[in-house]
K.L.:
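Please read through the structure below; I'll follow up with questions.
Since the model is a prediction, treat every value here as computed from it, not as a measurement. Positions are given from 1, in the same order as the sequence printed here. First listed ligand is number 1; within each ligand, the first listed atom is number 1.
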Amino acid sequence: MSTISSPGSAATPGAAGSTDPISLSGHEPDAATLARAAERAAGELLAPPAPVRLADVVPAPQEVEPNPAEDWLLPAEAVIVASADPAALAVAEQLAEQLRPATGYPLPVTDAAGPAPVDGIALVLTDDDGLGPEGYRLAVTRTGVTVTAVTAAGLFYGAQTLRQLLPPAIESPVPVAEHWMLPGGSIVDRPRFPYRGAMLDVARHFFAVADVLRVIDHLARYKLNHLHLHLTDDQGWRIVVDSRPRLTAVGGTTEVGDGPGGFYTKADYRRIVEYAAARHITVVPEIDLPGHTNAALVAYPELAPDKVAPPPYTGTEVGFSYVDPADERTYDFIADVLGEVAALTPGPWLHIGGDEAFKVKGEVYTGFVERVQRIVADTGKTVVGWHQLAPAAHADGRVLQWWGTNGEDSAITAEAVRHGARLIVSPGNHAYLDMKYAPDTPVGQDWAGLIDVRRAYDWDPGSHVTGVPEAAVLGVEAPLWTESITSLAEIEFMLFPRLPAIAELGWSPRATHDWAGFRDRLAGHGPRWTTAGITFHLSPEVPWPTEGIGSAQPTRPHLPTQPDPGTVPVPVADQP
Ligand code: TNX
């Protein structure tokens with residue numbers, strides 16, 4: 001990977017060979033030496049590259065007013081000043097940590113509140129709540145950058161925008177010679193929807209804590225604020241429950257194919273939650289019920305309808321397993337599990353799944369869901385579930401997650417919304433990031449169709465589900481199921497570049513929606529991902545720059561398969 005801008009070239013941020021990275025071999029130079037060397041090298045470039053355009057940000061900001069007369073060059077001695085508030089200072093420190101490696105500048109953080117420093121970055125809390133709880137104002141002038149917000153979350157989003165305004169080489173893990181130029185002007189920004197999420201299925205394949213943290217970083221870049229973890233399924237149970245140790249000791253040891261599985265200890269889970277919280281991301285844990293429970297039944301056969309432990313399941317079919325809705329021990333189990341997961345989770349949500357329980361039908365299903373909704377309420381959390389929950393009675397604040405691919409369940413879903421439910425929109429045929437991009441995509445599924453970047457982008461969460469008004473839409477989420485996804489590189493390949501598309505639907509005002517414009521803005525992110533070492537799909541729909549782009553394409557050609565354990569599952573696409 002190379003990270004050097006070539007002289008005089010605006011569009012070749014990753015072009016190799018013109019200047020060497022500052023050598024880190026031998027004894028380590030101190031930060032000031034690095035900073036001086038970087039500045040000197042930058043000064044030697046024949047002509048500075050044109051700065052990124054202010055309007056190139058993804059997701060598109062609400063208002064952008066470029067002012068080229070105010071372009072600003074980040075100097076080696078720049079200081080980051082933040083309001084004297086621990087959360088604001090934490091954002092400043094994170095920003096400094098993101099900018100130090102590539103610039104080599106020391107970027108000290110101080111807590112002098114007040115006016116922007118000369119030649120520096122100021123992160124300022126204000127009580128002008130016109131910006132809303134997540135909004136920010138960002139101004140680049142000839143003397144520096146000021147980000148203003150009502151909350152630390154707003155400052156954090158402003159800081160993400162600021163990163164994107166620097167040249168792509170800012171993603172380099174080592175110092176590079178670059179004109180760290182920011183485009184002058186101002187941005188006023190706030191999100192369209194309060195819930196902007198992605199889901200990672202850690203049940204079909206298990207992913208280590210480090211992988212999850214990196215996914216969290218990816219969400220944060222694009223101003224997503226929820227990470228939904230699909231923690232349990234037929235193929236594995238991934239979170240320790242102290243009162244039911246066999247869930248992970250037994251149920252955690254399998255995954256799709258022949259892999260070893262794995263699970264998160266409570267300390268692991270807390271680490272994920274804290275890392276996410278530091279990036280203003282709320283973790284939404286999902287315990288999928290009553291179906292998708294084979295791993296739990298293997299561990300605790302008394303939950304099974306016939307009280308016999310089924311064999312472990314490592315295939316990819318769905319809909320065959322369920323916990324016994326007629327046995328009181330099932331509800332004791334659920335109360336224990338949800339109680340422990342709720343206690344570990346600072347966020348307000350508990351996701352109870354509810355999808356594809358093909359063998360628990362009609363009133364038995366709704367009765368089960370209503371009981372589980374009451375158990376969730378007893379934990380103090382708000383229930384979230386897949387939209388199959390709709391026919392069950394309303395529970396205070398409940399949220400349904402729409403994953404339909406056609407209008408079929410929209411009437412029952414709209415009816416639930418009339419009773420007070422809110423909706424997270426994740427249409428299978430637009431937002432399911434486990435779908436292939438194209439027929440030759442080496443991993444992924446296609447039951448909901450192929451989802452290229454345009455298909456991921458060109459829909460409107462506010463009006464997608466017939467009969468559900470925009471006011472009832474809490475937001476949008478992109479799920480990544482992992483039946484065929486086995487590594488971090490494959491995760492990234494499926495997320496990029498579609499995750500930014502979904503993020504824009506969740507954040508940006510509808511008035512900014514424009515495929516041609518999005519495609520052009522997205523193109524500039526390719527060199528950023530390349531420099532950051534992020535694997536992505538080099539989609540032919542996006543006019544990537546001709547240099548500075550590289551992408552490792554996963555090449556595994558097949559889905560792991562295993563015979564179904566005796567039951568005949570109904571293909572998902574045929575389900576109402
Ligand atoms: C449907 S979406 C499922 C999952 C699968 C996914 C594969 C939903 C609520 N259930 O069990 O993993 O399709 O795309």
K.L.:
Report, in ascending order of atom number, the atoms of ligand 1 lying under 4.0 Å from any heavy atom of His292.
P.N.:
11 (O)

K.L.:
Which of these, Glu477, Gln401, His387, His464, sits in a side-chain hydrogen bond (donor to acceptor under 3.5 Å, both in side chains) with Ser426?
P.N.:
Gln401

K.L.:
Measure from atom 11 (O) of ligand 1 to every heavy atom in Arg204, Glu483, Glu317 and give the option owning the shortest one.
P.N.:
Arg204

K.L.:
With heavy atoms of Trp447 as the reference, note each atom of ligand 1 found under 4.0 Å away.
P.N.:
1 (C), 7 (C), 13 (O), 14 (O)

K.L.:
Geometry only, no angles: is Asp233 polar-contacting ligand 1 at N/O separations under 3.5 Å?
P.N.:
no

K.L.:
With atoms numbered from 1 as shown, which atoms in ligand 1 lie under 4.0 angstrom from a non-hydrogen atom of Gln445?
P.N.:
7 (C), 14 (O)

K.L.:
Working to the nearest 0.5 Å, report the span between CG of Asp233 and CD1 of Ile287.
P.N.:
11.0 Å

K.L.:
Do any N/O atoms on Glu356 end up under 3.5 angstrom from N/O atoms on ligand 1?
P.N.:
yes

K.L.:
Has Arg271 got more than 12 heavy atoms of other residues, nucleotides or ligands less than 6.0 Å from its CZ?
P.N.:
no

K.L.:
In this structure, is the centre-to-centre distance between the rings of Phe358 and Tyr322 below 6.0 Å?
P.N.:
no

K.L.:
Could you check, using the six-membered ring where one of them is a Trp, whether Phe518 and His513 have ring centers closer than 6.0 angstrom?
P.N.:
no

K.L.:
Go through ligand 1 atom by atom and flag the ones less than 4.0 Å from a non-hydrogen atom of Met435.
P.N.:
14 (O)

K.L.:
For ligand 1, which atoms sit closer than 4.0 Å to a heavy atom of Asp434?
P.N.:
7 (C), 14 (O)

K.L.:
Taking the six-membered ring for Trp, are Phe496 and His218 closer than 6.0 Å centroid to centroid?
P.N.:
yes

